[in-house]
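Being a predicted model, the structure only gives us computed values, none of them experimental.
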Amino acid sequence: MNCKKILVLLTVLFTSSLNSAANDDLHIMKLQAEMLRLISTDERDNFLEVTNQLKAESQKQANERMFYIAWGNQSTYEATHLNYNGAEEIADKIARYAEDHNSYWGTYIALHTRAVNALQKQDYKAAEEGFLKAVEFRHKYFPNESAGDDLQELMKIANHRKDQKAGLKYARQILAEPNVAPIHKGRALYRISQFAFNKNNRQLYDSIYNELMALKASDGIGTIEPVVEVNHEILNGNYSEALRLSQQLSPEMRAERMAVIYHRMGNDAKAYEQMAQFKKINDSIVLVSHGNVVASCYVQMNNERLKLEQKMLEDENAQLKRIIVFVVVAAVLIVLVVVMLQHHIRIKRLEKEKEQLERDKIKVEKAFNMKNEFITNITNELRAPLNPIEGFSDILGTTDYELQAEEREQLSQMIKDSSKHITKLIDELAELSLYESKKSLPINYTMSPNHLGRRMVDAYSARCKEGVRMFFESDLPDDYAVQTNQEAIETLLRHLLENAIYYTDKGVITLAITEYGDNIRCSVTDTGRGIAPERRAHVFETFRELGDRKKLQGIGLSICRAVIKLLGGKIWLDNKYTDGSRFIFDIPKK
């Protein structure tokens, strides 16, 4: 008994731990996605609340990186909202905390955050120095990781200064980084493509363009900038297509590209017109401002949030199969625990009755063996519908081939049917266990047998098969009342009517109520398949013999036997009725 308890407990703990770990990871991702959403808003209180929760949850799970990332984003939030002093204070706290806890990652985040804050203030010299320090630190302490984040910002700064040489240097450094992120690779390739276009180097540009398109196909990243495709068409002399694609560009970029296109087409008048338009637009805006820097930051944060939400969706789908298995395992364990607990209570009660211990010893051993056999048989019965659930779930979750809608619907229906079978079996086992564990039922209700009978017939008539009708008959007046337990009587009638509906393919089903001495007699008669003579003596038993093993034959009649015993009545199968089956039970009037 103790071994079984330990086994059940370990299984439950293992299942719970898997679910708990998955839920913890999902909670972290949801907080991270919400942080990235709020960082571009003015909802400061909500942002701080979410990031503080993320920090606390990361510390709880020993996720050092996410802890410092969340903290660094608090500093970035202040800088993007022009609170530069507050941003610096947070960065200083991060640095001190990282030093006190010997955290290289925390020190890196402090360096990166200070550089980002300097960029927000448009202090490009300090920003460049900060990002260079961050790159050097990351190469030293994280040699197998990409410093693409920092190199990308250095490339932007070089571009702002119109330092083409430095921009190309940083772009090439990004491409040489280990495990470089696709988005950083895409930005570096775009920068080199600009250089190739300006040099009119078609061969170099085409090679970069092919890399960008391949990156876009594999990772959804690459030709993010529409100007890449415009330049490709220009270099290849497809001016009409280049003009069409130019409509996707921003106003100033569109005017500038169209001027180049018309010039190459030999239409200098239109080229001059577009260049004048470009100069007009260019003179009316600030090319590099705090707003541009903030917008760039927000775009990057939003891209990270979208990727994170996509990963969350994939993880949730991956957990679907595990959840189905966990639910089924938990249901089976509950049944086993209920059965073993009931048996344990019986054993304890028998131990207390020391005076009858010798007399009841054989009975206890027999009951013990029966329960073990019961558990074995129930396990076998549950395994049959569990196999298709697991197999069909694997098919639905596979990506090796695509299922047709009709096939997917058929598999889903099979899983639902198996789940319903398991649910019905578990419900009936719990109901049987409930009534078998009771010593008596409270007689707490005065009811009209006729009212109850009509209500049950009305409720179950619709469940009959096509061509089967259900009737109610009674020779009692409607105001005739009895004192009993109505819930138990409804349970009796429910299982008898469901049994009749299941086995009756045509004809009628009749629920009849009459007075019989000091009892109320109820009968459920059907014109169904009937019960073979050799099985009638065992019809109220849970299992039936099948060669050298036993098979579950239905629990409904076993429940009826347990209920009628508690009500002080009796139930039997009318062996004289041969046109189907007739079950009769008597209950006392009081």
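- For the pair C464/I509, a side-chain contact is recorded, criterion being any heavy-atom separation below 4.5 Å from C-beta on.
- Residue pairs meeting the ring pair (Phe, Tyr, Trp, His ring centres under 6.0 Å) criterion with at least one member in residues 558-581: none, sequence neighbours excluded.
- Taking every heavy atom of both residues into account, I531 and S581 meet most closely at CG1-OG, 3.7 Å.
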Stepwise side chain to side chain contact (heavy atoms under 4.5 Å, CB included) check, H495 with L557: CA-CA 7 Å; H495 285 292; L557 294 178; over 6 Å; no

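- Here the CD1 atom belonging to I28 is positioned 4.0 Å from the OG atom belonging to S58, to the nearest 0.5 angstrom.
- Summarising the local packing, CZ of R65 is surrounded by more than 12 heavy atoms from other residues, nucleotides or ligands at distances under 6.0 Å.
- Side-chain contact between R37 and E34 is present, with at least one heavy-atom pair separated by less than 4.5 Å.
- Heavy atoms from other residues, nucleotides or ligands lying under 6.0 Å from CD of Q59 number more than 12.
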Derivation and outcome, side chain to side chain contact (heavy atoms under 4.5 Å, CB included), residues D45 and E49: CA-CA 6 Å; D45 292 340; E49 181 181 356; over 6 Å; no

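- Closest approach of S146 and A181 over heavy atoms only: OG-N, 4.5 Å.
- Between the N485 side chain and the L567 main chain, no donor and acceptor come within less than 3.5 Å of each other.
- Judged by distance alone, the side chain of S448 and the main-chain N or O of A481 form no donor-acceptor pair under 3.5 Å.
- For an aromatic pair to be called close, the ring centres must be under 6.0 Å apart, and W105 with F142 satisfies this.
- In terms of heavy atoms, V338 sits closest to S433 at CG1-OG, 3.1 Å.
- Looking at R349 and I345, their side chains come closer than 4.5 Å, going by heavy atoms from C-beta outward.
- F585 has its side chain within reach of L493: a pair of non-hydrogen atoms, C-beta onward, lies under 4.5 Å apart.
- Using a 4.5 Å heavy-atom cutoff, the side chains of L434 and K438 are in contact.
- Rounding to the nearest 0.5 Å gives a distance of 11.5 Å between CE of M35 and CG of N52.
- Counting only heavy atoms from C-beta outward, the side chains of L497 and M470 approach each other to under 4.5 Å.
- Interatomic distance, NZ of K55 versus CD1 of I69, reported as 13.0 Å (0.5 Å rounding).
- Residue pairs that meet the side chain to side chain donor-acceptor pair (under 3.5 Å) test with at least one member in residues 507-528, sequence neighbours left out, are D475-T514, Y480-E515, E515-K589, R521-D586, T525-R582.
- By the neighbour-count criterion of 12 heavy atoms within 6.0 Å, atom NZ of K570 is sparsely surrounded, having that number or fewer from other residues, nucleotides or ligands.
- The closest donor-acceptor contact from the side chain of S461 to the backbone of V457 lies under 3.5 Å.
- The OG1 atom of T51 lies 11.0 Å from the CG atom of L36; values are rounded to the nearest 0.5 Å.
- Here the OH atom belonging to Y460 is positioned 10.0 Å from the CZ atom belonging to R455, to the nearest 0.5 angstrom.
- Between L566 and Y435, the shortest heavy-atom contact is CD1-O, 3.4 Å.
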Verdict with supporting geometry, E490 and L452, side chain to side chain contact (heavy atoms under 4.5 Å, CB included): CA-CA 8 Å; E490 288 181 351; L452 176 60; 3.6 Å; yes

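- Judged by distance alone, with hydrogens and angles left aside, the side-chain atoms of R561 form no donor-acceptor pair with the main-chain N or O of I571 at under 3.5 Å.
- Under 4.0 Å is where a charged nitrogen must lie from a carboxylate oxygen, and between E431 and R494 at least one such pair does.
- The shortest heavy-atom contact between G453 and I513 is CA-CD1, 4.4 Å.
- Distance check: T491 OG1 to I564 CD1 gives 11.0 Å after rounding to the nearest 0.5 Å.
- Minimum interatomic distance between R463 and I501 (heavy atoms only, all atoms of both residues): O-CG2, 3.4 Å.
- Between F47 and Y77, the ring planes lie parallel to each other; the angle is under 30°, not in the 30° to 60° tilted range.
- Remark: the Q53 side chain and the E57 side chain contain no N/O donor-acceptor pair separated by less than 3.5 Å.
- Between the side chain of N179 and the backbone N or O of N144, at least one donor-acceptor pair lies under 3.5 Å.
- In this structure the side chain of T41 reaches within 4.5 angstrom of the side chain of L38, judged on heavy atoms.
- For the pair I489 and I587, the minimum side-chain heavy-atom distance is below 4.5 Å.
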